[in-house]
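Shown next, in structure tokens, is the structure this report addresses.
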Amino acid sequence: MARIEFLGPIGKEPLEVDIKNLKELKEIFSEDKKLQEWLKICAVAINDTMVNSLDVDIKPNDKISLLPPVCGG
Amino acid sequence: MARIEFLGPIGKEPLEVDIKNLKELKEIFSEDKKLQEWLKICAVAINDTMVNSLDVDIKPNDKISLLPPVCGG
Amino acid sequence: MLELYDGPLHVEEIIAKWYQDVKDKNFGAFIPFIGIVRDEKGISGLSFDIYEPILKNWFDEWQERASQEGAMLLMAHSKGDVPNHTSSYISAVLSPQRKVGLRLINDFVEDFKANAPIWKYDLIDGKRVYAKERSTLLNGAGLLHEI
Amino acid sequence: MLELYDGPLHVEEIIAKWYQDVKDKNFGAFIPFIGIVRDEKGISGLSFDIYEPILKNWFDEWQERASQEGAMLLMAHSKGDVPNHTSSYISAVLSPQRKVGLRLINDFVEDFKANAPIWKYDLIDGKRVYAKERSTLLNGAGLLHEI
């Protein structure tokens, strides 16, 4: 199971999901209308590396992080 | 009498000269061959304001400063 | 070196420590950028969440980039609440010559603002309000959003 | 504020004092540039002459320019001898927002290097040697030189 972490202000508990790639995650999320507002503005990291494509295989124990817009300093 | 100050590394004592403008000062200095090396690289201030022209009247008690190349910091 | 603190930064202590650590290392320029929380829009302060693993990766990449120019980077950031008129952020560049240092502090701070995984909240009436309008989308934002 | 000191600058004290003086004035960015004497070319340190009246005029003009952008400048410089690995120069910008501050610290330091009436000497075997090759001609240089 991959673990999904919702960072910063999203305020949602981590999820464990059984997926083979990010496309499947997008499908699962499509049912969560409330989350869509965040997904619109969130970037994605897999095992702490930012990704730009849905064509990424997900292995068991991968960590998937959702990162909303940032503002340090 | 105007007072001439040689700043920084020039290492020359101040002079008092009786001149009406900077052209006259240039003439007086032209006899000092040793000073010419400095004059080549020195800028000039009158009463602590930088000047760019020889067409400047000099009044008694004016202070004329010669400023060699700078390097602060 | 990347340092994270709970609450406001002790600016004088951090700068003094960094200066003592580096002054004999033959850098000619030490340029800290110190961010201070402004009293504006009725806030009592700011609050921060940090995702440390990606922040560390981001910082290490910048350190590598700086070292290729003979320079070095230092950074301190607050986690949690930081009251008005205290500091939440210090970045510093050390470089042999001033021009590299002045360029790096600018580029480092700007990239920090655009990419460091830190989330800012206004503290208003004791509550944390996500500073969404002042925040910047990361590269690849929207990837999981249904079209 | 322009401060001149005999010998090396006490960096930690100066920065701490400046920070205490300004932290409640609602500037968002405090950016000091700290110059440290490098051990190079066999020198034991640097030495400085300053012509204070013109330095003060130059600084006051910059302060006016900064204030038009809501910013403020601070500067400290050494007179006389400054050993290797100690500081001779600190310039700092305070600004409401970072972008103005980062631009100003760059422009202020560069203009300082080009125009501040300060003369630098290498200290070599206890003697002062004018750093002529590293120095910059001021505007109007050569005015009194015979053609």
Side-chain angles (χ1 to χ4, degrees), chain C residues 8-41 43 46 70 83-114 134, chain D residues 8-41 43 46 70 83-114 134:
Chain C
L9 302 180
H10 296 277
V11 172
E12 299 98 319
E13 283 172 37
I14 291 170
I15 297 290
K17 182 166 65 73
W18 287 355
Y19 182 66
Q20 284 303 323
D21 285 350
V22 302
K23 72 189 181 60
D24 295 325
K25 291 190 176 166
N26 224 27
F27 291 109
F30 173 36
I31 316 173
F33 176 102
I34 299 158
I36 306 172
V37 178
R38 298 187 73 200
D39 181 358
E40 57 185 356
K41 292 171 280 175
I43 66 168
L46 298 174
N84 291 348
H85 299 164
T86 65
S87 173
S88 53
Y89 168 53
I90 310 177
S91 275
V93 173
L94 288 140
S95 63
Q97 315 290 346
R98 79 176 181 284
K99 279 183 191 284
V100 167
L102 286 165
R103 174 166 48 75
L104 276 178
I105 191 67
N106 181 75
D107 296 353
F108 181 51
V109 170
E110 291 299 332
D111 193 60
F112 166 82
K113 285 283 177 180
R134 314 206 291 287
Chain D
L9 302 179
H10 297 278
V11 172
E12 300 97 318
E13 282 172 36
I14 291 170
I15 296 290
K17 183 167 66 73
W18 287 356
Y19 182 66
Q20 284 303 323
D21 286 350
V22 302
K23 70 188 182 62
D24 295 326
K25 291 188 175 168
N26 224 28
F27 291 108
F30 173 35
I31 316 173
F33 176 102
I34 299 158
I36 305 171
V37 178
R38 299 186 72 199
D39 181 357
E40 56 184 356
K41 292 171 283 180
I43 67 168
L46 298 174
N84 290 348
H85 299 164
T86 65
S87 172
S88 54
Y89 169 54
I90 311 178
S91 275
V93 173
L94 288 141
S95 64
Q97 315 289 347
R98 79 177 182 282
K99 280 183 191 284
V100 166
L102 287 165
R103 175 166 46 77
L104 276 178
I105 192 66
N106 181 75
D107 296 354
F108 182 49
V109 169
E110 291 298 332
D111 194 60
F112 166 83
K113 285 283 177 182
R134 315 207 290 285

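The shown structure was predicted, so the numbers you read here are calculated from the model rather than taken from an experiment. Just so it is clear: chains get the letters A, B, ... in the order the sequence lines come, proteins before strands, and each one is counted from 1.
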query: Considering only heavy atoms, which portion of C/Phe27 lies under 4.5 Å from any heavy atom of chain D: side chain, backbone, both, or neither?
result: backbone
query: Which one, C/Val109, C/Thr86, C/Val11, leads in non-hydrogen pairs under 4.5 Å with chain D?
result: C/Val11
Top contributor to chain C contacts, counting heavy-atom pairs under 4.5 Å, from D/Arg103, D/Glu13, D/Lys113: D/Lys113
message: Using heavy-atom distances under 4.5 Å, tell me whether D/Ile105 contacts chain C through its side chain, its backbone, both, or neither.
response: both
query: Under a 4.5 Å heavy-atom cut-off, does chain C meet the side chain of D/Ser87, its backbone, both or neither?
result: both
- prompt: Can you tell me how far the CD1 atom of D/Ile34 sits from the CH2 atom of C/Trp18, to the nearest 0.5 Å?
  reply: 11.0 Å
message: Please rank C/Pro32, C/Ser91, C/Ala16 by heavy-atom pairs under 4.5 Å with chain D and give me the top one.
response: C/Pro32
statement: The reported gap from CG in D/Asn106 to CZ in C/Arg98 (rounded to nearest 0.5 angstrom) is 9.0 Å
- prompt: How close do C/His85 and D/Lys23 get, heavy atom to heavy atom, and via which atoms?
  reply: CB-O, 3.5 Å
- line: Note: vs chain D, highest number of non-hydrogen pairs under 4.5 angstrom among C/Pro96, C/Ala92, C/Gly101 is C/Pro96
query: Quick one: of D/Ile36, D/Asn26, D/Ile31, D/Leu102, who has the most non-hydrogen atom pairs under 4.5 Å with chain C?
result: D/Asn26
